[in-house]
Engineer: 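One structure coming up, written as structure tokens, with questions to follow.
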Amino acid sequence: MNVGVVGAGIVGLAVAREAALTRGARVTVLDKEDRVGAHQTGHNSGVVHAGIYYRPGSLKATLCREGVALLRQYCAEHRIPYDEVGKLVVASTSAERPELRRIAERARANGVPGIAELDALALREVEPHTVGTGAVHSPRTAIADFPAVARRLAADVEENGGSVLLSHPVRAIRETASGVKVLAGERTLSFDRLIVCAGLGTDTVARMVKAAGDVRIVPFRGEYYALAGAAKDLVRGLVYPVPDPRYPFLGVHLTRRIDGEVLVGPNAVMALALEGYSWRDVDLAELGRILAWRGTRRLAARHWRTGIREVTGSVGRRSFLKAARRYVPALTAADLVRTTGGVRAQAVDASGGMLDDFAIDVHGRVALVRNAPSPAATSSLAIARHIVGLASVLTS
């Protein structure tokens with residue numbers, strides 16, 4: 001079978017590798033960028049999530065737990081940096097303790113190993129400079145080098161007879177009686193099946209196959225600061241707040257990276273372009289389509305107060321410092337240095353609801369990954385098995 005994959009992020013490359021290895025497919029990956037993992041894969045904190053937050057039985061929970069095991073093994077086999085630094089989800093007030101308890105219960109229901117509920121003294125044994133009324137400790141939560149994983153996956157595809165065609169933007173797609181024709185760059189390619197893992201470009205590709213659907217991508221920029229100098233030593237692993245259950249975002253947290261840097265963030269502000277990595281990145285055509293979607297308008301009407309607060313916090317470090325000092329009070333403004341952020345492809349439905357789970361649609365010979373939010377990088381190898389294993393995706 002001749003299979004095309006749109007998107008050379010970690011999910012698309014994992015899908016391509018899985019199709020080649022388990023189905024013997026001849027696979028071609030297409031991407032408009034000149035390198036793999038150029039967007040969400042290359043602009044995240046590198047956390048390998050253990051599965052503590054997700055609703056038991058959801059695709060997120062199932063594929064995250066499967067994905068962790070697969071990713072740990074894959075990194076070991078290919079000598080890719082992977083470090084189980086551990087994670088604390090910290091309650092800063094007694095009012096957050098019930099939600100903290102629910103997180104612990106979910107984590108155990110999902111089979112997350114080593115989960116412990118800690119009091120104020122015990123959490124400081126894990127993170128000596130962190131304060132709170134209690135915490136959930138996930139000692140097996142890890143960090144990894146996801147861009148390195150993506151590069152290795154691309155090599156796997158090519159070693160199994162496939163191709164990764166970079167600088168090949170998809171310009172048109174036409175389904176025929178016998179397959180799918182794709183105009184990518186200046187080339188026309190024919191496939192038996194096409195799998196779209198385009199992240200921020202999902203809606204653009206969906207329009208090409210006339211499958212706009214009732215879900216659209218709304219880009220949310222996550223901005224970060226990094227700890228400078230000796231302040232890095234104030235955090236050993238990962239320190240997270242108790243998340244607001246109304247949102248799929250986890251709030252400003254402190255994250256040690258595989259390169260030794262410690263990040264503070266992210267916030268979540270709606271970007272002004274699909275690839276809007278700063279306030280200067282504005283695409284009026286894209287922004288018009290995003291705002292014209294009734295789901296975006298309903299989302300804004302429901303959460304405008306939170307949106308204003310996030311935008312206000314975006315223009316200065318004060319809100320980041322306040323959020324970080326809630327857990328690590330020794331931090332000062334001089335300890336925070338602005339660093340690169342990322343843009344999350346958040347799927348929003350027509351009612352204004354933000355999709356929390358993974359979502360995959362099949363339209364004829366084209367499969368669309370509609371929503372692959374965090375923990376997609378963690379789950380990428382398991383997501384690939386799930387997609388390639390669906391009878392509706394790769395039937396001959």
Side-chain angles (χ1 to χ4, degrees), residues 3 5-23 25 27 29-31 33 35-51 53-54 58-78 80-82 110 140-160 162 164 195-202 248 258 342 344-347 355-360 367-390 393-394:
V3 176
V5 176
V6 180
I10 196 169
V11 173
L13 291 166
V15 167
R17 170 183 175 270
E18 184 71 16
L21 286 175
T22 65
R23 296 296 188 98
V27 181
V29 181
L30 304 168
D31 199 287
E33 305 296 349
R35 64 199 186 280
V36 302
H39 292 291
Q40 292 181 107
T41 300
H43 290 81
N44 64 61
S45 59
V47 175
V48 180
H49 292 278
Y53 301 109
Y54 316 125
S58 65
L59 272 179
K60 259 193 178 184
T62 302
L63 297 180
C64 181
R65 290 302 307 146
E66 291 178 6
V68 169
L70 294 170
L71 182 65
R72 185 191 307 113
Q73 180 181 352
Y74 190 79
C75 288
E77 288 174 355
H78 297 287
I80 296 171
Y82 183 102
N110 288 335
R140 300 291 296 275
T141 296
I143 51 178
D145 186 342
F146 287 130
V149 173
R151 292 191 294 271
R152 182 59 248 176
L153 290 169
D156 287 349
V157 171
E158 292 176 334
E159 289 171 9
N160 283 277
V164 179
I195 305 173
V196 179
C197 306
L200 292 163
T202 298
I258 205 74
R344 171 181 176 136
Q346 177 60 55
L355 268 66
D356 186 51
D357 209 354
F358 299 133
I360 301 157
L368 290 158
V369 178
R370 290 285 193 180
N371 197 45
S374 178
T378 299
S379 311
S380 55
L381 296 172
I383 292 172
R385 286 188 174 184
H386 175 74
I387 292 173
V388 173
L390 290 173
V393 173
L394 290 183

Engineer: Measure the OG1-CD distance between T378 and E66 for me, rounded to the nearest 0.5 Å.
Structural biologist: 13.5 Å
Engineer: Under 3.5 Å, is there a donor-acceptor pair between the side chain of T202 and the main chain of G199?
Structural biologist: yes
Engineer: Any side-chain to backbone donor/acceptor pair from N44 onto T41? Under 3.5 Å, distance only.
Structural biologist: yes
Engineer: Take H49 and T141, measure what side chain to side chain contact (heavy atoms under 4.5 Å, CB included) needs, and give me the verdict at the end.
Structural biologist: CA-CA 6 Å; H49 292 278; T141 296; 5.6 Å; no
Engineer: Going from CG on L21 to CG on N160, what distance comes out if it is rounded to the nearest 0.5 angstrom?
Structural biologist: 4.5 Å
Engineer: Let me check something: any side-chain donor-acceptor pairs from residues 380-388 under 3.5 Å, sequence neighbours excluded? List them with distances.
Structural biologist:
from, atom 1, to, atom 2, distance (Å)
S380, OG, A377, O, 3.0

Engineer: Quick check for you: to the nearest 0.5 Å, what is the distance between I80 atom CD1 and F146 atom CZ?
Structural biologist: 10.5 Å
Engineer: H39 vs H43 aromatic rings, parallel, tilted or perpendicular, using cut-offs 30° and 60°?
Structural biologist: parallel
Engineer: Give me the atom names and distance for the closest heavy-atom approach of E33 to A38.
Structural biologist: CG-CB, 3.6 Å
Engineer: Do you know the tightest heavy-atom contact between V3 and A25?
Structural biologist: CG2-CB, 3.8 Å
Engineer: Check step by step if side chain to side chain contact (heavy atoms under 4.5 Å, CB included) holds for V29 and L13.
Structural biologist: CA-CA 7 Å; V29 181; L13 291 166; 4.2 Å; yes
Engineer: Using modelled atom types and a 3.5 Å cut-off, is there a donor and acceptor pairing between side-chain atoms of Q346 and backbone atoms of L355?
Structural biologist: yes
Engineer: Just wondering, do I10 and V149 contact through their side chains at under 4.5 Å, heavy atoms?
Structural biologist: yes
Engineer: Any side-chain heavy-atom pair from L30 and V5 closer than 4.5 angstrom?
Structural biologist: no
Engineer: Can a donor-acceptor pair be found, under 3.5 Å and without considering hydrogens, that links the side chain of R65 to the backbone of A50?
Structural biologist: yes
Engineer: Atom CD of E18 and atom CG of L70: how far apart are they, to the nearest 0.5 Å?
Structural biologist: 8.5 Å
Engineer: Within the side chain of N110, is there an N or O that forms a donor-acceptor pair under 3.5 Å with the backbone of T62?
Structural biologist: no
Engineer: Within this structure, what is the CG-OH distance for the pair D356 and Y54, rounded to the nearest 0.5 Å?
Structural biologist: 8.5 Å
Engineer: Could you report the tightest heavy-atom contact between V369 and C197, atom names first, then the distance?
Structural biologist: CG2-SG, 3.9 Å
Engineer: Between V27 and A20, which heavy-atom pair has the shortest distance, and what is it?
Structural biologist: CG2-N, 3.9 Å
Engineer: Where the side chain of K60 meets the backbone of P375, is there a donor-acceptor pair that is under 3.5 Å apart?
Structural biologist: no
Engineer: Please examine the side chains of L153 and Y74, heavy atoms only from C-beta on, and report whether any two atoms are closer than 4.5 Å.
Structural biologist: yes
Engineer: Hey, is E159 close enough to R152 for a salt bridge, meaning N to O under 4.0 Å?
Structural biologist: yes
Engineer: Rounded at 0.5 Å granularity, tell me how far NE2 in H78 sits from CD in Q73.
Structural biologist: 9.5 Å
Engineer: Give a yes or no answer on whether the side chain of Q40 reaches the backbone of G342 with a donor-acceptor pair at less than 3.5 Å.
Structural biologist: no
Engineer: Do any N or O atoms from the side chain of N371 and from the backbone of D357 form a donor-acceptor pair under 3.5 angstrom?
Structural biologist: yes
Engineer: Decide, yes or no, whether a salt bridge links D156 with R17 under the criterion of side-chain N to carboxylate O below 4.0 Å.
Structural biologist: yes
Engineer: Below 4.5 Å, heavy atoms only, C-beta onward: do F358 and S379 meet side chain to side chain?
Structural biologist: yes
Engineer: Any idea which heavy atoms bring D31 and G9 closest together, and the distance?
Structural biologist: OD2-N, 4.4 Å
